Amino acid sequence: MSVRRLLAIGFIFCCSAVAWFVLGGSVVHRTGGSEDAITPEVAGLWGDRQAQPPPTLSYSVEQPVSEEISEQRDDRTVTRTVTRRQLVSFPVPLASSRVLADLSLDHRRKGLLWYDTYTVDFAATYRAAVPEVPAGGELVLRFDFPSSHGLYDDFSLRLDGVEAEAIDDLSQGIVLRRPAEAGDEVEVEVAYRSRGLDTWRYLLGAGSISETRDFDLVVTTDFDAVDFPAGTLSPTSRERTADGWRLGWHFGRLVSGEDLGVDLPNLLNPGPLTARITFFAPVSLLFFLTVFVVLGALRRVDLHPANYFFLSAAFFAFHLLLAYLVDHIDLHVAFLVAALVSLSLVGSYLRLVPGARGAVAPALASQAVFLVLFSYAFFFQGYTGLTVTLGAIATLAVLMRLTAATDWGEVFARRSQVA
């Protein structure tokens, strides 16, 4: 193997790397463009991320308020006291909260992305007691929806058994009123079925530190891979069910600014995964070319740089086919088809190259490891780096063992004489 041929192979490798970066950039652009356009569409058709706040109770009463007003008269200041009636609100804290949420996962695919959509059955009962307040006022209940663009089936809101009237604007919530006196006990019941996207949250403090008393939230899921959004509290109890989990948050008296929630599991997104595999492709080709050059030198298989060009093109065909197959068929099926096509291109090509028949088996084995296995490692998040590292170390060990007794000076001298 002459230095000139090594430089030619290096040039082919650099050109292939540029091609892969261009292809990977196009996949990223397609994925990002579709995400920006499709995510609002999915949220509009199915539902957006939901964050359910608790209802708020207050006691409103008109009270006389006196204030001093200063006026200027005949070069002197006259102060007089004016009394007027003003509406004053007293907060009515929730004494207990019993909340149930049943989450059913339903993944939906749009373009190159999977969206973790879900259905939620929500039911809650709240109790409170009116504190010592002036007489003659009324109790005011305000309930806000988790999303102003959602769908709420079988919706029911009751204040002490009295059903809420028709709703005009979801973004404004619902306000109910009734006469009340100090010491009155209040019960609020709310239930609905809705649909959401990505995460479901229950807001305790709505961004501020608040106190919650006698709180009990139970979330049941029909999926196993349960995670929790950043900035939320972990459940205090977990119980395995036949389909998923029963998660509980139970607090006697909690002071916190954090919320509660569940992050639904994501499927492998074809777009981002294909982009990562494509950007990693130069590393796979580098391993393959290294092994092939070394074995070719040992077995006296002298390939022309043009042959290495076509082998690199067969590698590129895998990623090119995968990038456009994932638009139309299942990701795993697309990966299998692309791998078989690339392997068949390399195997059938080397069988026709003069003097390269003995290199067919090592080439296919190397391609299966460095292209197929390394690329498939991206399907297992968290194990990709370990897989590539172990494969690289194993390759190094094999090459070191095969070439330990090789006189490289003689090999290169022989190749130079042949050239």
Side-chain angles (χ1 to χ4, degrees), residues 31 35 38-39 42-43 45-52 97-124 146-147 150-151 153 191-204 215-251 258-274 276-277 326 329-336 373 375-387:
T31 303
E35 184 175 11
I38 294 177
T39 300
V42 173
L45 293 174
W46 183 262
D48 206 348
R49 296 175 179 86
Q50 292 202 356
Q52 178 63 67
S97 304
R98 299 293 180 265
V99 185
L100 299 175
D102 187 2
L103 299 178
S104 299
L105 181 62
D106 184 14
H107 284 112
R108 293 176 177 268
R109 178 174 173 175
K110 285 284 188 178
L112 293 174
L113 297 172
W114 279 100
Y115 292 89
D116 39 323
T117 55
Y118 62 86
T119 301
V120 55
D121 289 301
F122 181 85
S147 174
L151 179 149
D153 189 22
Y192 59 79
R193 169 173 288 184
S194 185
R195 303 184 301 191
L197 175 70
D198 290 342
T199 60
W200 182 87
R201 289 174 178 258
Y202 187 87
L203 307 180
L204 290 179
F215 180 84
D216 188 17
L217 167 64
V218 176
V219 176
T220 57
T221 71
D222 65 350
F223 49 88
D224 295 329
V226 174
D227 201 358
F228 308 101
T232 60
L233 300 175
S234 298
T236 57
S237 66
R238 299 189 187 189
E239 179 183 349
R240 189 79 183 200
T241 63
D243 299 325
W245 292 92
R246 180 183 175 89
L247 309 173
W249 288 262
H250 315 287
F251 305 107
E258 304 293 337
D259 300 322
L260 315 177
V262 175
D263 189 355
L264 282 81
N266 300 316
L267 291 180
L268 282 175
N269 281 314
L273 180 65
T274 303
R276 291 196 297 270
I277 293 176
V326 292
I329 61 177
D330 178 74
L331 176 60
H332 291 82
V333 177
F335 185 92
L336 177 61
L373 179 60
S375 298
Y376 197 72
F378 283 86
F379 284 77
F380 305 98
Q381 297 181 4
Y383 293 92
T384 305
L386 178 61
T387 303

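These numbers were taken from a predicted model, which means no experiment stands behind them. Note that the numbering runs from 1 along the sequence shown for the chain. Every heavy atom of this structure was used, including side-chain atoms; hydrogens, water molecules and symmetry mates were not.
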(Q) Any non-hydrogen side-chain atom of Arg195 less than 4.5 Å from a side-chain atom of Thr117? (A) no
In short, Ser375 meets Phe335 closest at the heavy-atom pair CB-CE1, 3.7 Å
To the nearest 0.5 Å, atom OG1 of Thr232 lies from atom CG of Asp259 at 8.0 Å
Test item: Ser194 side-chain N/O and Val120 main-chain N/O as donor-acceptor pair under 3.5 Å:
no
Taken in chain and number order and not counting sequence neighbours, the residues that satisfy side-chain contact (heavy atoms from CB on, under 4.5 Å) with Leu105 are His107, Asp116, Asp222, Phe223, Leu264, Pro265
Rounded to the nearest 0.5 angstrom, the CG-CZ distance for Leu260 and Arg201 is 10.0 Å
Those residues at least two apart in sequence (or on a different chain) that pass side chain to side chain donor-acceptor pair (under 3.5 Å) with Asp224 are Arg240
Residues passing the side chain to side chain donor-acceptor pair (under 3.5 Å) test with Thr220, sequence neighbours excluded, are Asp102
Distance col, row Leu233:CG vs Leu204:CG, nearest 0.5 angstrom, shows 7.0 Å
Asp243 meets the salt bridge (Lys or Arg N to Asp or Glu O under 4.0 Å) criterion, sequence neighbours left out, with none
In Val226, Val218, Thr236, the residue satisfying side-chain contact (heavy atoms from CB on, under 4.5 Å) with Leu247 is Val226
Residues passing the side chain to side chain donor-acceptor pair (under 3.5 Å) test with Asp121, sequence neighbours excluded, are Arg193
By ring pair (Phe, Tyr, Trp, His ring centres under 6.0 Å), His332 pairs with (sequence neighbours left out) Phe379
- Quick one: does Leu103's side chain get under 4.5 Å of Val219's, heavy atoms only? yes
Would Phe215 and Tyr202 count as a close aromatic pair, with their ring centres under 6.0 Å?
yes
Across all chains, not counting sequence neighbours, the side chain to side chain donor-acceptor pair (under 3.5 Å) partners of Asp216 are His250
Here the salt bridge (charged side-chain N to carboxylate O under 4.0 Å, His left out) pairs for residues 225-236, sequence neighbours left out, are none
Sequence neighbours excluded, the answer for salt bridge (Lys or Arg N to Asp or Glu O under 4.0 Å) partners of Arg276 is none
Distance col, row Thr199:OG1 vs Tyr118:OH, nearest 0.5 angstrom, shows 6.0 Å
* Measure the shortest side-chain to side-chain distance between Trp200 and Pro146 over non-hydrogen atoms and say whether it is less than 4.5 angstrom. => no
Applying salt bridge (Lys or Arg N to Asp or Glu O under 4.0 Å) to Arg98 and not counting sequence neighbours gives Asp214
Smallest heavy-atom separation, Asp263 atom then Asp198 atom, equals OD1-O, 3.4 Å
For Thr387, the side-chain contact (heavy atoms from CB on, under 4.5 Å) test, sequence neighbours excluded, returns Ala377, Tyr383
For Phe122, the ring pair (Phe, Tyr, Trp, His ring centres under 6.0 Å) test, sequence neighbours excluded, returns Tyr192
Shortest non-hydrogen pair, Phe228 vs Gly261, comes out as CD2-O, 3.3 Å
